[in-house]
There are 2 protein chains.
Amino acid sequence: MQKQHNLSKNQKIIFDLIDKSSEPLKAYSILFNVQKKGINAPLQVYRALDKLVEIGKIHKIESRNAFIACQNSSCQISKATAFSICESCEKVSEISNTKLSKYLSNFADEAGMKYSKYNLEFFGLCKKCKSK
Amino acid sequence: MQKQHNLSKNQKIIFDLIDKSSEPLKAYSILFNVQKKGINAPLQVYRALDKLVEIGKIHKIESRNAFIACQNSSCQISKATAFSICESCEKVSEISNTKLSKYLSNFADEAGMKYSKYNLEFFGLCKKCKSK
DNA sequence: TTGTAAATGTTATATTATTACATAGTGTTA
DNA sequence: TAACACTATGTAATAATATAACATTTACAA
Ligand SMILES: [Zn+2]
Ligand SMILES: [Zn+2]
Ligand SMILES: [Zn+2]
Ligand SMILES: [Zn+2]
């Protein structure tokens, strides 16, 4: 059973915006969009983003410095994430594949390192862009 | 047979610095370190970094905005990269594991997307930090 | 030797993210 | 309730990361 997090005012405003967006959003584009709701400073956005990432409601797409809502309710609090990114239209989807996540969660190399978290980003062309 | 790239002056200066570093280097730390060699502006650093990434001599650690030399001569021009990152001491190693790279290169999900590239970052504690 | 692509130099600016400090709300427990 | 700890907010300033625009030079092949 996952812990229930009651989002604060700013967190809710920012999560709702990201959640209803069809594409990853960047911090300053979020800021621009929530100014009418009284969020005026970058820090207010970054603080909410940090918290939302921490509790697993959103993920950061590292290669794009952008944020998307978690599309995978079983996502273990952002500890195991995989995305597909179209290099043409920049569409991003969260990959939910049990085999893949098991494979990666159990991966151990020779370096003797114990992994607690991973992030995987695949790049290519989405179906739509491929057929153009 | 891999194409031979003759590095230009700036590319060589910057590659040498990254290559002999024991940790990932950030762009502005590189800039600071090469100013005595006549490289004065961020853009000169970023241009060399872009080229070095493109030809696979270095990789960008996306979660850290930092660069390390490729430790894996068979790395297919930065198209398939995996790293282990210690969250305590920030040590980064490039993972060279044939099974893993085969698994990921052949991965195809249901979305019908053809991947041409991936980047994987594992996080955890390195051997040294684990035993502290 | 001339054309072309790659690389360089320089200035300015855009984008992304954090530090520092003051204040306010929320929930728990004495 | 009062005291406390913890989380969240507001605001200003600034740090860190990255790119745009333009002029010039170098490498090198046709
Ligand atoms: Zn998720
Ligand atoms: Zn696409
Ligand atoms: Zn490599
Ligand atoms: Zn370590």
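Each chain gets a letter, A, B and so on, in the order its sequence line appears, and its residues count up from 1.
Distance CZ (B:R64) to P (D:dT17): 13 Å, rounded to an integer number of Å.
Sorted by first and then second residue, the side chain to side chain donor-acceptor pair (under 3.5 Å) pairs involving residues 25-36 of chain A (not counting sequence neighbours) form an empty list.
Between B:E121 and B:T81, the closest side-chain pair of non-hydrogen atoms is not below 4.5 Å.
Scanning for salt bridge (Lys or Arg N to Asp or Glu O under 4.0 Å) contacts around B:D16 gives B:K12, with sequence neighbours left out. Scanning for side-chain contact (heavy atoms from CB on, under 4.5 Å) contacts around A:E90 gives A:R64, A:I85, with sequence neighbours left out.
Within the 4.0 angstrom heavy-atom criterion, no nucleotide atom of any strand lies near B:K12.
As a member of the Ile/Leu/Val/Met/Phe/Trp/Tyr network built from side-chain separations under 4.5 Å, A:F122 groups with A:I95, A:L100, A:Y103, A:L104, A:F107, A:M113, A:Y115, A:Y118, A:L120, B:I95, B:L100, B:Y103, B:L104, B:F107, B:M113, B:Y115, B:Y118, B:L120, B:F122.
Rounding to the nearest 0.5 angstrom, the gap separating the CD1 atom in B:I13 from the CD1 atom in B:I39 is 4.0 Å.
Remark: B:N65 is in phosphate contact with D:dA18, judged by side-chain N or O atoms under 4.0 Å from OP1 or OP2.
Heavy atoms of other residues, nucleotides or ligands lying less than 6.0 angstrom from NZ of B:K130 number more than 12.
For DNA chain C, the span of nucleotides reached by chain A at under 4.0 Å from its heavy atoms goes, 5' to 3', from C:dT16 to C:dA20.
Clustering ILVMFWY residues whenever any of their side-chain heavy atoms sit less than 4.5 angstrom apart, transitively, puts A:I58 in a cluster other than the one holding A:F83.
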Per-nucleotide protein contact string for nucleotides 6-15 of chain D (B base, S sugar-phosphate only, - none; heavy atom under 4.0 Å) = --SBBBB---
